[in-house]
Amino acid sequence: MRVLMIAPPGAGKGTQGARIAAHFGVPHLATGDLLRRHVALRTGLGQTVQQYLDRGSLVPDRLMQDLVRRALAEATAHGGGYVLDGYPRTPAQAWAAYQIASSLGATAQIALHLRVDDDEVVRRLLARSGIEHRSDDTEPVIRRRLALYHEVTEPILQWYDRRGILLSVDGMPRPDQVTEDIIAALRDRRGHHADRPGPVPALLAAA
Ligand code: AMP
């Protein structure tokens, strides 16, 4: 099973991504987690990206592309699947994700979208801030991440829809219910695979 996860911050990408990956026995590749690990270990990449994470800005595409290429190459080296969570987030990244996965013979079968209202996102992330102490879970940064999501991430959903691989699930119910809904929907769609990217230039031109 090869899945991309696209959702606003606080929609439950991390929780649901880990559960789905465990259910289908594939690695959970969460770009936010990978970046935070680099920051914690103070690697060269970590020092470069820290300012972007702290501000709730997007890390430059070129850095993301290298990170994702390495993670996907490793995950698919033995023909395995993946749950790629947090990438792509822009039209350019959507195209890069397709090209990277295509070169590895492992394009996504499903683009999983979790739908959650803005008010609920803010409520959940403020609640999380008291527990996880993430530098980007303060209200102004949450608002910025949410605005970026609507501006540059949401538009890529239409591309996946046109390719016939978009699966949109209501992320508002309690987490166990959402997991059940996702797994049931993924089971239904298993085997369905659109391999052609379809026309992307219009989308990229609009970016
Ligand atoms: P997340 O854990 O998915 O909420 O991501 C946390 C932060 O990591 C984001 O606010 C960005 O600063 C950075 N990040 C994660 N994924 C990406 C991506 N695909 N493109 C650019 N920045 C990203």
Side-chain angles (χ1 to χ4, degrees), residues 2-22 25-78 80-101 103-104 106 108 112 114 116 121-153 156 175 207:
R2 299 185 297 276
V3 179
L4 306 176
M5 288 189 78
I6 300 161
K13 277 196 313 298
T15 303
Q16 301 300 340
R19 290 181 181 181
I20 297 158
V26 298
H28 174 219
L29 311 173
T31 52
D33 289 348
L34 294 175
L35 293 167
R36 279 187 291 277
R37 201 168 308 144
H38 276 277
V39 171
L41 295 174
R42 301 192 59 74
T43 65
L45 176 64
Q47 293 182 39
T48 307
V49 301
Q50 178 158 21
Q51 51 170 332
Y52 295 97
L53 269 74
D54 287 349
R55 287 194 216 127
S57 309
L58 292 178
V59 170
D61 283 345
R62 187 181 44 80
L63 298 177
M64 292 308 301
Q65 219 165 299
D66 291 345
L67 187 79
V68 168
R69 182 179 290 112
R70 273 198 300 275
L72 273 191
E74 205 175 303
T76 58
H78 306 291
Y82 54 82
V83 172
L84 180 57
D85 151 3
Y87 190 95
R89 265 170 148 103
T90 67
Q93 289 186 6
W95 185 232
Y98 177 77
Q99 288 186 309
I100 293 168
S103 73
L104 297 167
L112 175 63
L114 294 180
V116 174
V121 162
V122 175
R123 200 191 59 72
R124 287 186 189 180
L125 292 183
L126 287 177
R128 180 170 83 182
S129 71
I131 302 164
E132 291 186 16
H133 305 293
R134 270 177 55 166
S135 60
D136 57 353
D137 281 345
T138 60
E139 187 154 0
V141 179
I142 291 169
R143 299 256 173 225
R144 178 175 167 69
R145 287 157 63 205
L146 201 46
L148 263 178
Y149 173 78
H150 289 306
E151 229 173 88
V152 299
T153 306
I156 67 180

**Asked** In Å, rounded to the nearest 0.5 Å, how long is the span from CG of Leu125 to CG of Leu146?
**Response** 8.5 Å
**Request:** Would you give the length of the straight line joining atom OH of Tyr87 to atom CG of Leu34, rounded to the nearest 0.5 angstrom?
**Result:** 12.5 Å
**Request:** Kindly indicate, with the supporting measurements, whether the criterion side-chain contact (heavy atoms from CB on, under 4.5 Å) is fulfilled by Glu139 and Arg143.
**Result:** CA-CA 6 Å; Glu139 187 154 0; Arg143 299 256 173 225; 3.0 Å; yes
**Closest non-hydrogen atom pair between Ser135 and Asp54, with its separation** = OG-OD1, 2.6 Å
**Asked** If you count the non-hydrogen atoms of other residues, nucleotides and ligands that lie under 6.0 Å from CD in Gln99, is the total more than 12?
**Response** yes
**Message:** To check you understand the geometry: which heavy-atom pair defines the closest contact between Lys13 and Leu114, and what is its length?
**Reply:** N-CD1, 4.1 Å
**Request:** Without swapping roles, check the side chain of Gln16 against the backbone of Pro175 for a donor-acceptor pair under 3.5 Å.
**Result:** yes
**Prompt:** Which atoms form the tightest heavy-atom contact between Asp61 and Gln93, and what is the distance?
**Reply:** OD1-NE2, 3.0 Å
**Asked** In Å, rounded to the nearest 0.5 Å, how long is the span from CZ of Arg42 to CD of Gln50?
**Response** 6.5 Å
**Message:** Show, in sequence, the C-alpha distance, side-chain angles and deciding distance for Arg89 and Val152, and conclude whether the side-chain contact (heavy atoms from CB on, under 4.5 Å) test is met.
**Reply:** CA-CA 7 Å; Arg89 265 170 148 103; Val152 299; 5.8 Å; no
**Request:** Working to the nearest 0.5 Å, report the span between OG1 of Thr153 and CG of Leu58.
**Result:** 6.5 Å
**Message:** Tell me whether Arg145 contacts the main-chain N or O of Asp136 through its side chain, where contact means a donor paired with an acceptor under 3.5 Å.
**Reply:** yes
**Item:** Main-chain N/O of Gly10 paired to Arg124 side chain as donor or acceptor, under 3.5 Å
**Value:** yes
**Asked** What are the two closest non-hydrogen atoms of Tyr82 and Ala106, and how far apart are they?
**Response** OH-O, 2.6 Å
**Prompt:** How far apart are the closest heavy atoms of Tyr149 and Ala7, and which atoms are they?
**Reply:** CE1-C, 3.3 Å
**Request:** Dump the intermediate steps for side-chain contact (heavy atoms from CB on, under 4.5 Å) on Arg69 and Leu104, then the final yes or no.
**Result:** CA-CA 9 Å; Arg69 182 179 290 112; Leu104 297 167; 5.7 Å; no
**Request:** Looking only at non-hydrogen atoms, find the nearest pair between Thr31 and Leu67 and report the distance.
**Result:** O-CD2, 4.4 Å
**Item:** Nearest-0.5 Å distance, CD1 of residue Ile100 to CZ of residue Arg70
**Value:** 10.5 Å
**Complete:** Here the gap from Leu63 atom CG to Leu35 atom CG, rounded to the nearest 0.5 Å, amounts to 9.0 Å
**Asked** Are any non-hydrogen side-chain atoms of Leu4 and Pro88 less than 4.5 angstrom apart?
**Response** yes
**Prompt:** Is it the case that Arg144 and Ser57 place a side-chain donor and acceptor less than 3.5 Å from each other?
**Reply:** yes
**Worked verdict on Val26 versus Val83 for side-chain contact (heavy atoms from CB on, under 4.5 Å)** = CA-CA 7 Å; Val26 298; Val83 172; 3.9 Å; yes
